[in-house]
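Below: one structure, written as structure tokens.
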Number of protein chains: 2
Amino acid sequence: MIEYKKKLTIKDMAKALNVSTATISNAFNRPDQLSESLRLRIIEGCQRLGYEGPNAAARSLRTGVSGIVGVLLADSLSYCISDPVASQFLAGLADVLDQRQCNMLLLPGQEEQTSYKSRQMESMVDGYIIYGGLHPSKRFQRLLQQSKPIIAVDVDTTDFITVNIDNQEGAYRSARLALQHRPQKVAIISLRLTPVSSVSWATCDACYASPASVSRSRWLGYMQALQEYNYPLEQLSVVDVPVNTHRNACMAAFMLLSQEERPDVIICMSDRMALGALQVALQQHIAVPNDLKIVGFDGIAESQFTHPTLTTVQQYNELKGQMAGNMFLGLTPRQNVILPTDMLMGETCPEVMS
Amino acid sequence: MIEYKKKLTIKDMAKALNVSTATISNAFNRPDQLSESLRLRIIEGCQRLGYEGPNAAARSLRTGVSGIVGVLLADSLSYCISDPVASQFLAGLADVLDQRQCNMLLLPGQEEQTSYKSRQMESMVDGYIIYGGLHPSKRFQRLLQQSKPIIAVDVDTTDFITVNIDNQEGAYRSARLALQHRPQKVAIISLRLTPVSSVSWATCDACYASPASVSRSRWLGYMQALQEYNYPLEQLSVVDVPVNTHRNACMAAFMLLSQEERPDVIICMSDRMALGALQVALQQHIAVPNDLKIVGFDGIAESQFTHPTLTTVQQYNELKGQMAGNMFLGLTPRQNVILPTDMLMGETCPEVMS
DNA sequence: AATTGTAAGCGCTTACAATT
DNA sequence: AATTGTAAGCGCTTACAATT
């Protein structure tokens with residue numbers, strides 16, 4: 001049988017150990033305020049009696065600091081946790097916060113409920129890390145007025161300190177790599193470039209109108225490369241995908257590969273899109289990379305688990321999380337950061353030897 | 001410029017709206033305690049003045065309930081977030097908790113620091129969901145004495161209410177599927193069956209000694225199938241992997257496929273292992289499934305993103321998370337649950353037509 | 001009878017006072 | 001001078017009293 005304990009307070013300890021509550025508190029929080037011997041006696045006594053240390057709610061109420069960092073996500077929790085890019089970011093962030101004994105509170109961005117309880121926890125949070133997206137949600141609007149520190153990641157804004165990558169440069173380099181093969185027919189699988197809610201064909205004009213900053217930057221990088229190679233834009237096929245899922249990737253790839261003139265290059269705004277395209281191509285017995293080159297974006301771990309492995313833009317999401325965490329905690333100067341990306345030379349688009 | 005607000009309290013609202021603090025509190029928490037008209041006037045007034053509702057720390061201190069559920073993980077946060085099985089579970093759990101306006105606090109199991117601050121948050125938590133592993137950690141020991149509700153998932157124990165799958169049955173069925181092909185040489189990639197800390201060959205005897213319940217159950221399922229097919233155990237090759245990573249999977253597969261007598265069946269305790277084996281096999285130009293059958297376990301999404309797709313045991317991790325959450329919240333009777341699994345017929349091991 | 005207000009106390013931290 | 005204790009108050013909820 002498990003033996004349960006009563007909930008112990010600092011008062012109980014003070015009585016049991018014959019000191020004041022202040023001394024107990026100091027023993028835990030301000031070692032310089034009492035003699036070493038007394039501190040050890042108290043710590044030992046508390047351990048023996050089963051007192052786990054000051055109650056977090058009370059401490060937080062008193063000090064105004066909770067040690068909890070709110071992470072405002074662009075999508076639902078379930079999406080973010082299962083998306084490799086977001087989860088890598090969260091892992092990096094969690095590592096840093098954990099080292100400093102801070103905790104993470106994941107806040108879904110899409111909040112429809114107006115119940116005040118869903119906002120309750122916001123009052124506990126010491127500040128926010130905003131991850132991705134534009135966040136037109138009410139929750140987001142409220143945050144701005146809370147006068148708490150905010151770091152934004154993968155958001156194109158001047159309202160906060162941001163941690164970003166150079167999306168345009170990365171996209172440009174990946175597209176150039178594909179275009180070096182002098183393809184006949186280029187296709188792009190884009191993410192949330194247009195406001196549609198299903199996988200659909202897009203025109204270049206529509207794409208320019210997109211407000212989603214990350215996608216737009218990548219799009220501009222692609223355009224830059226296409227222009228450099230004088231690729232006729234009217235020949236370009238673009239399928240836009242509203243949500244970065246494998247299913248959508250397959251659908252997009254299927255649409256592209258069923259065209260009368262089949263693309264020999266597919267440039268993708270994410271590795272998930274690229275992996276979907278790869279799978280569909282292989283199922284259709286299209287030789288990759290011989291008859292079809294594919295480049296991705298992100299450098300997720302899974303991109304190197306396939307055969308052939310994916311050629312993609314490696315971004316360092318874990319590092320991104322660590323940087324955001326360190327900045328939030330003030331361990332790193334609070335200033336805008338643009339992290340580098342690298343080309344990850346996989347097998348789906350080899351380099352052209354010249 | 002963003003305009004910041006002062007931190008408002010229930011007192012400020014009482015003064016501004018000319019009612020008592022109790023009435024403000026009731027307006028938020030006990031609608032039956034005041035007239036509809038007054039309640040609306042208060043809610044509207046608070047909104048207008050920018051009061052977000054009662055402070056969570058104060059409320060939690062007063063009521064003893066925080067709405068925060070501690071999720072005790074077997075490994076580090078970064079591992080759990082990036083593991084597809086764990087993250088699916090977390091996604092399901094998060095969904096349920098979020099609907100009920102509860103929050104999740106992820107607690108890494110491997111806690112070496114003795115700083116009391118790392119335990120601070122434990123005092124806030126309303127209860128625990130323990131996910132996987134044996135948890136011999138100090139943190140775990142402490143939890144048992146806290147007299148808070150606990151639900152355990154993927155743990156073989158009688159100390160708590162548990163949510164589990166039938167690991168042995170699932171493993172048995174997957175092994176049988178592979179053995180139907182009457183393989184010459186069977187190999188197994190196992191997880192944490194032996195206490196070694198690197199990828200290593202294992203013997204059948206050593207494997208039985210494992211204390212890790214999930215792995216042992218799967219192992220027993222494999223043995224059951226092997227016996228049924230009279231497969232000579234002395235011919236079996238087993239590589240045991242301490243941590244479920246792709247790198248380890250590749251190493252294990254490499255070891256197995258470099259043997260003088262190459263296996264024509266590899267049975268894997270996880271899809272990550274199976275995907276690694278598939279990749280290594282394809283890189284070595286071994287035809288899958290013709291010359292090598294592979295079966296996995298888990299049914300992670302990525303297992304269906306490859307070509308060929310993986311034959312594996314589908315477990316419903318998101319459902320597992322939902323069930324654990326619902327039970328924790330008391331929306332479902334608190335009783336032990338064993339969730340079903342299904343065979344997911346992919347291409348790496350087709351069914352034998354007889 | 002229906003509505004609203006008073007006041008205690010949840011467990012802690014910390015300025016400052018009191019003691020050695 | 002070094003060590004320890006007193007007491008107020010963080011923001012809230014709720015039993016109960018007071019008012020209409």
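Because only heavy atoms are used, hydrogens play no part in the values below, and waters and symmetry mates are left out as well, while side chains stay in. In this text the structure is predicted, and so the values were computed from the model without any measurement.
- Side-chain contact, A/N244 with A/R192: no donor N or O sits under 3.5 Å from an acceptor N or O.
- One finds no side-chain N or O of B/T9 lying less than 4.0 angstrom from the OP1 or OP2 phosphate oxygen of D/dG11.
- Residues A/E44 and A/R41 are not paired through a salt bridge, judged by the lack of any N-O separation under 4.0 Å between the basic side chain and the carboxylate.
- Between A/K11 atom NZ and C/dG9 atom P there is a gap of 9 Å when expressed in whole angstrom units.
- Picking from C/dT14, D/dC12, C/dC10 the nucleotide with the shortest atom distance to the side chain of B/L61 gives C/dC10.
- Between A/N29 and the phosphate of C/dT13, there is a side-chain N or O to OP1/OP2 separation shorter than 4.0 Å.
- Using a 4.5 Å cut-off on side-chain heavy atoms (C-beta onward), B/D156 and B/V214 make no contact.
- Summarising the geometry, the separation between CD1 on B/I10 and P on D/dC10 is reported as 14 Å, rounded to the nearest angstrom.
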For nucleotides 1-8 of chain D, read 5' to 3', which letter fits each nucleotide if B means a protein heavy atom sits under 4.0 Å from the base, S means only the sugar-phosphate is that close, and - means neither?
-> ---BBBBB
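- Sorted by first and then second residue, the pairs that involve residues 62-74 of chain A and meet side chain to side chain donor-acceptor pair (under 3.5 Å), not counting sequence neighbours, are A/S66-A/D126.
- Rounded to 10 degrees, the angle between the two end axes of the helix from C/dA1-D/dT20 to C/dT20-D/dA1 is 50°, with five pairs used at each end.
- Between A/Y51 and C/dG11 there is no side-chain polar atom (N or O) within less than 4.0 angstrom of OP1 or OP2.
- The main-chain N or O of A/G92 is never found under 3.5 Å from a side-chain atom of A/D95 such that the two would form a donor-acceptor pair.
- As a whole-Å value, the separation of A/R59 CZ from D/dG11 P is 17 Å.
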